[in-house]
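One structure below.
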Amino acid sequence: MAKITVSVLKDRKHNNQKISMLTAYDYSLAAMVDEAGIDVILVGDSLGNVTLGYENTLAVTMDDMIHHTRAVTRGAKNSMVVGDMPFLSYHVSIQEAVRNAGRFIQEGGAQAVKLEGGRERVETIKAIIDAQIPVMGHIGLTPQSVHQFGGFKVQGKDLESARKLINDADALEKAGCFAIVLEGVPSELARRITEETAIPTIGIGAGPHCDGQVLVINDMLGMFGGHIPKFVKKFANLQPLIMEGLKGYKEEVEAGTFPGPEHCYTIADEVLERLY
Ligand code: KIV
């Protein structure tokens, strides 16, 4: 399989073929996601929630993101890797945004970046693209706006906010984005945006009509015991399996049954005898 590129994704939309995308934050999982043939790996700033243990994504830094992007790109042979620009890495100035986007490519080895926001981000996006860095947009329930939204709320349910999302998608396409993530928006609105936009839409909590889907890998593999959002389907339920393994290890260590002879290295008797 050849490396997935921006033009492969555009062709997918043109040929009515769906796009698969998942998050990953480390080498081992990225290698498995890649081997499974997933098109795009997003090193999401959801890293903050699922890997670093924060309540939201706002504390994630550029250095955190670069560290994990480097691990992911080492595991991804064919999947396209997109680095997620964290809070404040593209808000302060356009120059800083271009520099930070460039770090994902130069230091992280990613092929593209993603950033949140609609029309208000157009000049920033154009400047990043001008530096030859492909940009994926992200509108709807954008987690970095959690305080402005007053919580994690579905967007685009009333006329005004639905119109805003349609206009934002249009602005992102015109700015040159190669794809747009639609997060937490009603399915019929996502269908309309998908039909009206020439670039692929990738949905999360946005229904089945998007050109592709993305999920947070820890959620879809069932690696959490706690609450997961309505839009997540658990394609595996690893948490009980992991717990079983951990408890089994504890029991065997305490009982002295691990390690067994098959886990031990040997030394020749004559060497051992000469030691005493
Ligand atoms: O950070 C992330 O994982 C994301 C996806 C949910 C789209 O932005």
Side-chain angles (χ1 to χ4, degrees), residues 9 19-26 29-30 33 38-62 64-69 71-72 76 79-91 100-101 104 108 110 112-118 121 125 134-146 149 152-156 165 168-169 172 177-185 190 193-194 199-207 210-221 223-224 227-235:
L9 300 182
I19 297 164
S20 56
M21 173 159 130
L22 280 175
T23 68
Y25 318 97
D26 64 46
L29 267 181
V33 173
I38 301 296
D39 297 313
V40 184
I41 302 180
L42 172 69
V43 189
D45 64 352
S46 49
L47 166 80
N49 305 86
V50 298
T51 301
L52 302 180
Y54 298 131
E55 246 175 53
N56 55 46
T57 58
L58 300 178
V60 177
T61 65
M62 268 305 296
D64 293 332
M65 291 304 301
I66 296 299
H67 180 73
H68 288 268
T69 303
V72 167
S79 306
M80 175 179 188
V81 177
V82 178
D84 203 6
M85 298 195 69
F87 179 59
L88 280 192
S89 69
Y90 55 98
H91 306 78
N100 284 326
F104 276 101
V113 298
K114 174 174 87 56
L115 58 85
E116 298 182 6
R121 297 286 162 234
I125 290 169
V135 178
M136 177 180 275
H138 183 170
I139 54 175
L141 195 179
T142 43
Q144 290 172 16
S145 310
V146 58
F149 290 156
F152 295 103
K153 294 179 182 157
V154 174
Q155 301 294 303
L165 284 176
D168 279 344
L172 292 181
C177 287
F178 70 92
I180 307 173
V181 170
L182 300 179
E183 178 165 358
V185 303
I193 293 172
T194 300
I199 54 175
T201 60
I202 314 282
I204 173 162
C210 296
D211 298 304
Q213 297 291 327
V214 57
L215 285 173
V216 169
I217 195 158
N218 299 55
D219 292 345
M220 57 81 70
L221 290 181
M223 288 167 83
F224 280 144
H227 166 80
I228 54 165
K230 169 189 165 102
F231 59 79
V232 174
K233 176 172 174 180
K234 279 191 191 179
F235 287 82

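Counting starts at 1 for both ligands and their atoms, following the listed order. Given the structure is predicted, the values throughout are model-derived calculations rather than measurements.
Annotation: the span from Gln144 atom CD to Asp84 atom CG amounts to 6.5 Å, rounded to 0.5 Å.
Thr142 pairs by the side-chain hydrogen bond (donor to acceptor under 3.5 Å, both in side chains) definition with Ser145, not counting sequence neighbours. Every residue two or more places apart in sequence or in another chain that forms a salt bridge (charged side-chain N to carboxylate O under 4.0 Å, His left out) with Asp168 is listed here: Lys164.
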*Worked verdict on Val185 versus Leu141 for side-chain contact (heavy atoms from CB on, under 4.5 Å)*: CA-CA 7 Å; Val185 303; Leu141 195 179; over 6 Å; no
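For residues 38-50, the salt bridge (Lys or Arg N to Asp or Glu O under 4.0 Å) pairs, not counting sequence neighbours, are Arg12-Asp39.
A side chain to side chain contact (heavy atoms under 4.5 Å, CB included) with Val214 is found for exactly one of Met21, Lys114, Glu183, namely Met21.
Residues of the protein with a heavy atom under 4.0 Å from ligand 1 are Thr23, Leu42, Gly44, Asp45, Ser46, Asp84, Lys114, His138, Val181, Glu183, Ile204, Val216, listed by chain and number.
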